[in-house]
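Report on the following structure.
Throughout, residue positions are numbered sequentially from 1 according to the sequence presented. Atoms within a ligand are numbered from 1 in the order they appear, just like the ligands themselves.
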Amino acid sequence: MYVLGLESTAHTFGVGITDGKDILSNVRDTYLPERGGIIPSKAAEHHYSLASKLIEKALSESGLKLKDIDVIAFSQGPGIFAPLKVSFQVAKYISEKFNKKMIGVNHCIAHLEIARKFTGFQDPVMLYVSGGNTQVITFEDGYYRIFGETQDIGVGNLLDKVGRLFEIKFPAGPEIERIAKRGKRYIEMPYSIKGMDVSLSGIETFIKRIKNSYRIEDILFSLQETVFSMLIEASERAIAYCGKDSFVITGGVAANKRLNEMGEKMCEERKTKFKSIPMEYAGDNGAMIAYTGFLMKDYQQNDLKPKTNFRTDEVKIEYR
Ligand code: AMP
Ligand code: MG
């Protein structure tokens, strides 16, 4: 049985195919604004214009035809409405025209499931860090529960905003990581962690103020050190509290080597298992939607509309 997954919650249109065991293809294209942040209508246009080409590419890479596909899974939310509805509409079209089952997948849960798949960890504490989301999550009693989260903006969003202050193009994360490697001097920045929640927007305000007083490499180095320490501290508390034996980091910011290094070190010290996920599956991708669609293939869903505020802890997990 084969599942084709479509991702379109924000900047990336992705198509993945799985048989439930292996990822047979994972293709994508990301909308890159000329300057500034994502313009929703432009992202949607980008996704519509590439949808059929990317679906064909995914099918040909996996050596399959549309008739071989059993289930069409799509990213149901959370996300930005205009791009979000592209995967819904494309999935609906294929599902009606070719008579395929349609499954709506929570995008955050897809990031968690692909991390579990690639680490082999059954029941880890998960730090989910992407553009719009920053959450510490564990599975308890049929649901993915949020133990801690950002009280304002997502960590990727913070990196992208700080990037803009220095004219680094979206997505700024990879370039910030490169520049931060040359940083030597630590500049103290607002460190705001309350219980297991973190607050990040104060850092952007702070950097705006001090931006002309320090070297860019020291600012970006200190930014990474400060923010990642907060996230790892919140994760460590969740691990201690829940007594889980493993930890993973997932989402676009999980591509960052320094963040993974800090996660690994924390785990070493407390004898918790840690593994990084392959970079290809850190950021938004269609394979994670396909794989989670496979896990959910027997769900009977009666509300398939896009949900911009779809919460991680809304979905009853019936396959675990
Ligand atoms: P996602 O929405 O899950 O695809 O994540 C996108 C976010 O990940 C963007 O805000 C990027 O700036 C961020 N990102 C991508 N690569 C890196 C990296 N190497 N280090 C830090 N952030 C990154
Ligand atoms: Mg994401």
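- Salt-bridge annotation for Glu268 and Lys265: absent, with no side-chain N of the basic residue lying under 4.0 Å from a carboxylate O of the acidic one.
- Within the 4.0 Å heavy-atom cutoff, Val253 counts among the residues contacting ligand 1.
- Any N or O atom pair closer than 3.5 Å counts here, and Gly173 shares at least one such pair with ligand 1.
- Using modelled atom types and a 3.5 Å distance limit, the side chains of Glu7 and His107 yield a donor-acceptor pair.
- In this structure, Lys211 is positioned above the aromatic face of Phe166, its NZ or CZ under 6.0 Å from the six-membered ring centre and within 45° of the axis.
- Every atom of ligand 1 is numbered from 1 in the order shown, and the set under 4.0 Å from a heavy atom of Asp160 is 9 (C), 10 (O), 11 (C), 12 (O).
- Ligand 1 places these atoms under 4.0 Å from at least one heavy atom of Leu159: 21 (C), 22 (N).
- Remark: Lys305 fails to qualify as a cation-pi partner of Phe88 under the 6.0 Å distance and 45° angle criteria applied to the six-membered ring.
- Within ligand 1, the atoms closer than 4.0 Å to a non-hydrogen atom of His111 are 3 (O), numbered from 1 in the order shown.
- Close approach of ligand 1 to Gly131 (heavy-atom distance below 4.0 Å) involves ligand atoms 2 (O), 5 (O), 6 (C), 7 (C), 10 (O).
- The atoms of ligand 1 that sit less than 4.0 Å from any heavy atom of Gly156 are 10 (O).
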Checklist line | Intermediate values then yes/no, side-chain hydrogen bond (donor to acceptor under 3.5 Å, both in side chains), Thr134 and Glu149 | finding: CA-CA 6 Å; Thr134 298; Glu149 63 188 316; over 6 Å; no

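- The single protein non-hydrogen atom nearest to atom 20 (N) of ligand 1 is Asn256 ND2, 3.0 Å, given as residue, atom name and distance.
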Next item on the list: List the steps and the verdict of side chain to side chain contact (heavy atoms under 4.5 Å, CB included) for Thr226 and Tyr186.
Entry: CA-CA 9 Å; Thr226 308; Tyr186 180 73; 2.9 Å; yes

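- Proximity to Ala172 (heavy-atom distance under 4.0 Å) selects the following atoms of ligand 1: 12 (O).
- Residue Gln224 places every heavy atom at 4.0 Å or more from ligand 1.
- Near His11, meaning under 4.0 Å from one of its heavy atoms, ligand 1 places the atoms 1 (P), 2 (O), 4 (O), 6 (C).
- Here the shortest heavy-atom pairing between Ile69 and Leu64 reads CD1-CD1, 4.3 Å.
- Protein-derived N/O/S atoms nearer than 2.8 Å to the Mg ion (ligand 2) total 3, waters excluded.
- The distance from ligand 1 to the heavy atoms of Asp284 drops below 4.0 Å at these ligand atoms: 1 (P), 2 (O), 3 (O), 4 (O).
- Between the side chains of Thr12 and Asp284, no donor-acceptor pair is found at a separation under 3.5 Å.
- Relative to the ring axis of Phe294, Lys297 places its NZ or CZ within 45° and under 6.0 Å from the centre.
- Annotation: atom 19 (N) of ligand 1 to nearest protein heavy atom, Glu177 OE1, 2.8 Å.
- At the top of the distance list for atom 14 (N) of ligand 1, counting protein heavy atoms only, stands Gly252 O, 3.6 Å.
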Note to self: For a side chain to side chain contact (heavy atoms under 4.5 Å, CB included) check, start with the C-alpha distance between Asp245 and Phe121, then their side-chain angles and the critical distance, and finish with the verdict.
What the structure shows: CA-CA 9 Å; Asp245 68 346; Phe121 294 161; over 6 Å; no

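- Both Val125 and Leu127 are members of a single hydrophobic cluster when ILVMFWY side chains are connected at heavy-atom separations under 4.5 Å.
- Scanning all protein heavy atoms for the shortest distance to atom 11 (C) of ligand 1 gives Pro171 CB, 3.6 Å.
- With Phe139 as the aromatic partner, Arg320 meets the cation-pi criteria of under 6.0 angstrom to the ring centre and within 45 degrees of the ring axis.
- The closest approach between Ala10 and ligand 1 stays at or above 4.0 Å for every heavy atom of the residue.
- The closest side-chain donor-acceptor pair between Thr312 and Glu314, if any, does not fall under 3.5 angstrom.
- Ring-centre distance between Tyr281 and His111: not below the 6.0 Å cut-off.
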